[in-house]
Enquirer: 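Sharing a structure below in structure tokens format, with a few things to ask.
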Amino acid sequence: MSDLQTSAVRHAGAAAVPDGWQPQIVALVCNWCTYTGADMAGTTRLEYPATVRMVRFPCTGRMSPLMILRAFEQGADGVLVSGCHPGDCHYVQGNLVARRRFTIFRSLMDFLGIDLRRLHFAWVSAAEGHKWARVVKDVSAAVTAAGPLPRPPAADGWEGPALPAAEGDGPEEISAADAEALRDHLRRTAAELLESGRAGVVIGHRRGSLPGRLVPVMAATAAECRELEWGEGALNNLVTYAATALQRAEKAALVVKACELHALTGLIREGQVARERLLLVGLQCPGVRPEGALAAKCLGCSGAPHPACDLLLTPAGVSEGGSGAAAPAADTDDARDRQIAAIESLPAGERWLYWQRQFARCLRCYACRAVCPLCYCSTCVADKHRPQWVPTTIDARGNGVWNVVRAMHLAGRCTGCDECARVCPADIRLDLINRKLALEVERHFGAAGLEPGEKAALVDFRMEDPEEFIL
Ligand code: FES
């Protein structure tokens, strides 16, 4: 690194402390316990640092990472979130769900290089005035030690370390003759599904205008079925179009890769599509090659159609499926984990700089949102103006908030299709953030809750969830 880069890293890790500086800490507190506890600390004349500005909420369950980001964006050096002890929440389980959400949010902040001395969580009951005073003292000392919140560094050309290449074996190659046989099976099957009335539309791929690139199509006629294609250029996750197709037809057939089934079970679990209205057509997949090379998500995949699909298409023919789990088991090993480990091995200041550089390239085109099968809100929080939680300006603040909000919205829900990273025109490594959060969800809460009928991890809780970071 050059001197300039080194100084930027140093700046990111610990900004210079101006004379007389005192930390600004925003405390987001629950109305019923912590606020009353803080009130008791005041009425009993306990002394604690005047560094904290309180914002009162009905419950920690109401608090969102957006509010913490807003506090930092407005200049806070640290944030404290505090509410009722587990079992005491006035809305029964708001604090238990919040505990999970903040566990993952904290992991994300750490991965992005934010000094965790700036972020605190505490249980303080209405009777714990003394605890409130102690928590404020401890949090003030930690934030003081962390120093003023570093400002985004000036651009100096440093883009971060070279990450190790993702490695692994991909699916078996499919010969040209087998690929043609597979395509013929697909076209014939699609036409039969339409003709028999088993589906009113078939969601598949057809040839696009770019060489080798296939694009999504909703085939509703025999002629359109004759244009269906399949192969390494079938990049799009067609699950994204399932809900739209079901607005056009009572039943839709969906051409689906094994890795895309997670996304479908996510939509079914969240009530966005009904499984009985979909006919799943699983094909032998040769792996996809977005930039000529095999996508990282394909490394380690056999490419076989998942047996849970209703119809299974291989070069040998068409067979009935419908057996096995509705979704493949979550990946326990991923080719990108070495890249995540490389980022984690950086000092916090360099991690922060790395991600600041990545987010600085964001154009706010929202292509990542448009292509995500699990991003289906009718009005995205990024488009809301009253209140405007996500700044719309393309700068370090706005881009950072947007990218963190996007990641948190998908934490415990993202199914690893990597579509967001593929379509990002700025090549931001959204896939690494998503994968890191998936690993954190699994580490803290076990299975990610990707099976039908299960709740997503961050809207669920267990009384014994870990909380070692909570004061
Ligand atoms: Fe206090 Fe829910 S009411 S945390």
Side-chain angles (χ1 to χ4, degrees), residues 25-44 46 48-49 51-72 74 76 78-110 116-140 142-143 381 387 389 404-405 408-409 411-413 437 440-441 444-445 449 455-471:
I25 299 167
V26 172
L28 309 176
V29 300
C30 136
N31 175 57
W32 302 104
C33 281
T34 302
Y35 186 79
T36 314
D39 196 36
M40 171 174 278
T43 52
T44 49
L46 296 177
Y48 58 84
T51 49
V52 165
R53 304 285 178 277
M54 268 196 276
V55 184
R56 200 157 37 144
F57 283 84
C59 174
T60 48
R62 170 64 185 92
M63 296 174 209
S64 143
L66 273 171
M67 293 151 191
I68 299 177
L69 293 173
R70 169 56 63 92
F72 282 127
Q74 298 280 312
V79 175
L80 164 64
V81 177
S82 184
C84 313
H85 286 266
D88 290 349
C89 176
H90 289 53
Y91 305 95
V92 185
Q93 51 186 242
N95 55 356
L96 301 175
V97 176
R99 180 170 61 183
R100 281 199 167 194
R101 201 181 305 151
F102 287 107
T103 301
I104 297 304
F105 181 66
R106 214 167 159 272
S107 299
L108 174 60
M109 291 290 99
D110 189 34
L116 288 186
R117 290 176 296 181
R118 303 185 184 283
L119 196 54
H120 299 270
F121 200 103
W123 304 132
V124 177
S125 78
E128 291 181 317
H130 279 90
K131 181 172 181 184
W132 173 252
R134 179 169 52 79
V135 164
V136 172
K137 278 180 199 160
D138 291 350
V139 169
S140 295
V143 178
V381 70
W389 288 110
V404 171
V405 165
M408 279 305 296
H409 188 67
R413 299 173 64 239
L437 292 191
E440 287 297 309
V441 167
H444 289 286
F445 313 124
K455 278 184 174 179
L458 296 200
V459 294
D460 201 3
F461 67 88
R462 282 195 305 265
M463 281 305 285
E464 64 275 17
D465 278 339
E467 57 168 42
E468 67 280 355
F469 65 92
I470 298 183
L471 299 172

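All values below were derived from every heavy atom in this structure, side-chain atoms included, with hydrogens, water molecules and symmetry-related copies excluded. Atoms within a ligand are numbered from 1 in the order they appear, just like the ligands themselves. As the structure is a prediction and not an experimental result, all values here were calculated from the model.
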Enquirer: Assign the ring pair Trp123 / His85 to parallel, tilted or perpendicular, where the plane angle (0 to 90°) is split at 30° and 60°.
Expert: tilted
Enquirer: Using a strict 4.0 Å cut-off to heavy atoms of Asn95, name the atoms of ligand 1 that fall inside it.
Expert: 4 (S)
Enquirer: Should Phe121 and Arg106 count as side-chain neighbours, where that means a heavy-atom distance under 4.5 Å?
Expert: no
Enquirer: Can you pull out the closest protein heavy atom to atom 4 (S) of ligand 1? Residue, atom name and distance to 0.1 Å, please.
Expert: Thr60 OG1, 3.2 Å
Enquirer: State, yes or no, whether a side-chain contact exists between Phe105 and Leu69 at a heavy-atom distance under 4.5 Å.
Expert: yes
Enquirer: Should you measure from each heavy atom of Cys84, which atoms of ligand 1 turn up under 4.0 Å away?
Expert: 1 (Fe), 3 (S), 4 (S)
Enquirer: I'd like to know whether ligand 1 has Gly94 as a neighbour, heavy-atom separation below 4.0 Å.
Expert: no
Enquirer: With a cut-off of 4.0 Å, which atoms of ligand 1 are near a heavy atom of Pro58?
Expert: 3 (S)
Enquirer: Tell me whether the guanidinium CZ or amine NZ of Arg62 lies under 6.0 angstrom from the six-membered ring centre of Phe57 and within 45° of its axis.
Expert: no
Enquirer: Return the option from Cys59, Ser82, Ser125, Ala126 holding the heavy atom at the smallest distance from atom 2 (Fe) of ligand 1.
Expert: Cys59
Enquirer: Please check: side-chain N/O of Thr34 versus main-chain N/O of Val124, any donor-acceptor pairing under 3.5 Å?
Expert: yes
Enquirer: Which residue holds the protein heavy atom closest to atom 3 (S) of ligand 1, what is that atom called, and what is the gap in Å?
Expert: His90 N, 3.3 Å
Enquirer: Enumerate the residue pairs fulfilling salt bridge (Lys or Arg N to Asp or Glu O under 4.0 Å) with a member in residues 86-102, sequence neighbours excluded, ordered by first and then second residue.
Expert: Arg99-Glu467, Arg100-Asp465
Enquirer: Using heavy atoms and a 4.0 Å limit, tell me yes or no: is Ala98 in contact with ligand 1?
Expert: no
Enquirer: May I ask you to list the atoms of ligand 1 that are less than 4.0 angstrom from any heavy atom of Tyr91?
Expert: 3 (S)
Enquirer: Enumerate the atoms of ligand 1 whose separation from the nearest heavy atom of Trp32 is less than 4.0 angstrom.
Expert: 3 (S)
Enquirer: Sub-3.5 Å donor-acceptor pair from the side chain of Lys131 to the main-chain atoms of Ala122, do we have one?
Expert: no
Enquirer: Please state which part of Cys33 comes within less than 4.0 Å of ligand 1, counting heavy atoms only: side chain, backbone, both or neither.
Expert: neither
Enquirer: From atom 1 (Fe) of ligand 1 out to just under 2.8 Å, does an N/O/S atom of Cys30 turn up?
Expert: yes
